[in-house]
2 protein chains.
Amino acid sequence: MRISGLVERTGVPLATVKYYLREGLLPPGRAVGAKLSLYGEEHVRRLALIRALRDTANLPLARVRTIVALIDEPADDLLESLGRAVAALPPAVADDRQGPYPRAEGVAREIGPAIDPGSTAMAQLEDALAAAESVGLGISAERARLYAQHLRAMAEFDIAQVPTGDRGRAIEYSVLGTAIYEPVIAAMRRLAHQDVARSARDDAGDR
Amino acid sequence: MRISGLVERTGVPLATVKYYLREGLLPPGRAVGAKLSLYGEEHVRRLALIRALRDTANLPLARVRTIVALIDEPADDLLESLGRAVAALPPAVADDRQGPYPRAEGVAREIGPAIDPGSTAMAQLEDALAAAESVGLGISAERARLYAQHLRAMAEFDIAQVPTGDRGRAIEYSVLGTAIYEPVIAAMRRLAHQDVARSARDDAGDR
DNA sequence: CTACTCTGGATAGTACAGGTATCCAACACT
DNA sequence: AGTGTTGGATACCTGTACTATCCAGAGTAG
């Protein structure tokens with residue numbers, strides 16, 4: 001398929017496709033002579049991925065680039081790849097940032113024993129907890145424990161679903177699952193709040 | 001306190017404080033004569049809130065403005081305020097957007113019966129599910145059910161914690177809790193994935 | 001073979017967000 | 001009286017993500 005086909009299949013404007021090619025987000029097509037390149041299904045999929053990460057997961061293109069690079073050239077180790085993908089997700093963390101993370105450490109203990117205390121997600125959690133505290137909504141031990149239990153149960157399901165065998169597939173699945181499912185969970189949580197609040201109001205109204 | 005005190009207390013640069021005043025994110029101080037205004041603790045808190053929503057929850061200032069407006073002038077109804085706050089949270093949804101939401105409706109049924117099928121969060125969920133599907137990670141019925149159960153349990157706890165009595169406080173708490181806790185949950189989920197994956201690897205290594 | 005279309009590649013321009021910097025005249029403190 | 005701060009206005013700057021043009025060579029239809 002030529003570049004015009006890519007435009008037709010994905011709905012992404014030509015100028016934007018060229019821009020993604022220039023920026024290295026989309027790999028070049030197979031060159032056929034000096035003035036023609038052909039593109040395949042992998043380019044269609046890649047464009048869908050870029051748009052999904054940009055529009056739905058709200059990632060700046062620089063971070064999308066990091067993530068597609070991880071999928072194209074995965075680290076040997078699944079955990080290593082996942083760690084780097086998480087580091088590419090917002091909110092950004094300074095490169096030289098390091099602990100201690102007084103708020104995050106207590107919460108991490110509720111989640112489980114195998115957490116790397118130096119990982120990016122610890123810094124992200126610390127910042128998120130500090131922000132909550134700064135507006136007067138610090139996390140209680142009770143809430144931390146409850147959230148940890150439920151999120152760990154969901155994580156266990158997620159990890160059990162990771163396809164085993166093909167290492168590349170496993171990495172792609174994990175990296176994408178982390179980024180793409182966060183908005184799903186956020187939206188489901190918002191709906192759950194709505195449901196609980198409306199149910200409570202309706203019960204009160206019935207009384 | 002004068003404007004310089006505000007700068008000192010919050011660490012936000014003077015030019016930026018002036019910018020927030022211009023943009024109506026920060027209410028003006030109490031004018032004392034033509035060339036001096038005084039600011040209070042509420043201004044310090046408001047600045048912390050703006051920075052938390054901007055940096056941690058990753059909201060553009062236009063959405064921060066919507067949220068602070070909801071806190072300053074809450075709707076009569078808690079549910080109404082919450083709905084508007086959720087609509088201000090990313091990802092953005094077109095104003096004229098309406099159902100049906102084929103993917104979201106199935107998932108919403110797992111969460112509970114009292115969900116408004118026309119709410120913004122339904123559109124957000126639909127888009128997030130469509131994005132997941134477009135990269136080959138469509139949600140399974142099993143995953144939807146499991147996520148729904150855990151998120152509803154967390155939501156029940158959240159709603160139970162909302163301070164009753166003072167309506168303004170309840171709205172502030174709910175609106176902020178929705179926005180400020182999403183990054184906390186995302187970070188905890190990332191840590192839970194890490195913990196589960198590392199535990200599994202360590203078990204395999206011990207064998 | 002000619003006319004038209006499409007292509008890759010380069011370059012420039014646009015739109016918006018979110019500041020940052022400067023200038024000024026009117027006060028306030030010392 | 002002199003110095004410093006303030007509110008207010010305006011201009012400017014940086015980064016992100018495109019969007020638009022232009023060009024010359026290649027393919028393609030009649």
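Sequence lines set the chain letters: A, B, ... in the order given, protein chains first and strands last, and positions in each chain run from 1.
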Measure from the side-chain N and O atoms of [X] to the backbone N and O of [Y], and report whether any donor-acceptor pair falls under 3.5 Å.
X	Y	answer
A:Arg30	A:Tyr39	no
A:Glu156	B:Val196	no
B:Arg152	B:Ile111	yes
A:Gln194	B:Asp116	yes

Which atom pairs, one a donor and one an acceptor, fall under 3.5 Å between side chains of residues 49-69 of chain B and the rest of the protein, sequence neighbours left out?
residue : atom : partner : partner atom : Å
B:Arg51 : NH1  : B:Tyr20 : OH           : 2.7
B:Arg63 : NH1  : B:Ala88 : O            : 2.9
B:Arg65 : NE   : B:Glu23 : O            : 3.1
B:Arg65 : NH2  : B:Glu23 : OE1          : 3.1
B:Thr66 : OG1  : B:Ala62 : O            : 3.2

Open item on the list: For a 4.0 angstrom threshold against heavy atoms of chain B, report the outermost contacting nucleotides of DNA chain D in 5' to 3' order.
Closed with: D:dT5 to D:dT10
Task: side-chain contact (heavy atoms from CB on, under 4.5 Å) assessment of B:Met1 paired with B:Leu38 - done: CA-CA 5 Å; B:Met1 157 185 15; B:Leu38 295 181; over 6 Å; no
Task: Side-chain donor-acceptor pair present, A:Asp158, B:Tyr147, cut-off under 3.5 Å - done: yes
Open item on the list: Using five pairs at each end of the helix from C:dC1-D:dG30 to C:dT30-D:dA1 to define an axis, what is the angle between those two axes, to 10°?
Closed with: 0°
Task: Side-chain ion pair, B:Asp77 and B:Arg84, N-O less than 4.0 Å - done: no
Task: Lys/Arg N to Asp/Glu carboxylate O, A:Glu41 vs A:Arg9, below 4.0 Å - done: yes
Open item on the list: Around atom CD of A:Glu42, are there more than 12 heavy atoms from other residues, nucleotides or ligands closer than 6.0 Å?
Closed with: yes
Task: Nucleic acid contacts of residues 49-69 of chain B, taken as heavy-atom distances under 4.0 Å to DNA chain D - done: none
TODO: Using a cut-off of strictly less than 4.0 Å between a heavy atom of the residue and any atom of DNA chain D, enumerate the qualifying residues of residues 11-41 of chain B by number.
DONE: B:Lys18, B:Arg22, B:Lys35, B:Leu36, B:Ser37, B:Tyr39
Could you list the donor-acceptor pairs under 3.5 angstrom formed between side-chain atoms of residues 176-187 of chain A and any protein atom two or more places apart in sequence or on another chain?
residue  : atom : partner  : partner atom : Å
A:Thr178 : OG1  : A:Ser174 : O            : 2.9
A:Tyr181 : OH   : B:Leu137 : O            : 2.8
A:Tyr181 : OH   : B:Ile139 : N            : 3.4
A:Glu182 : OE1  : B:Arg190 : NH2          : 2.8
A:Glu182 : OE2  : B:Arg190 : NE           : 2.7
A:Glu182 : OE2  : B:Arg190 : NH2          : 3.2

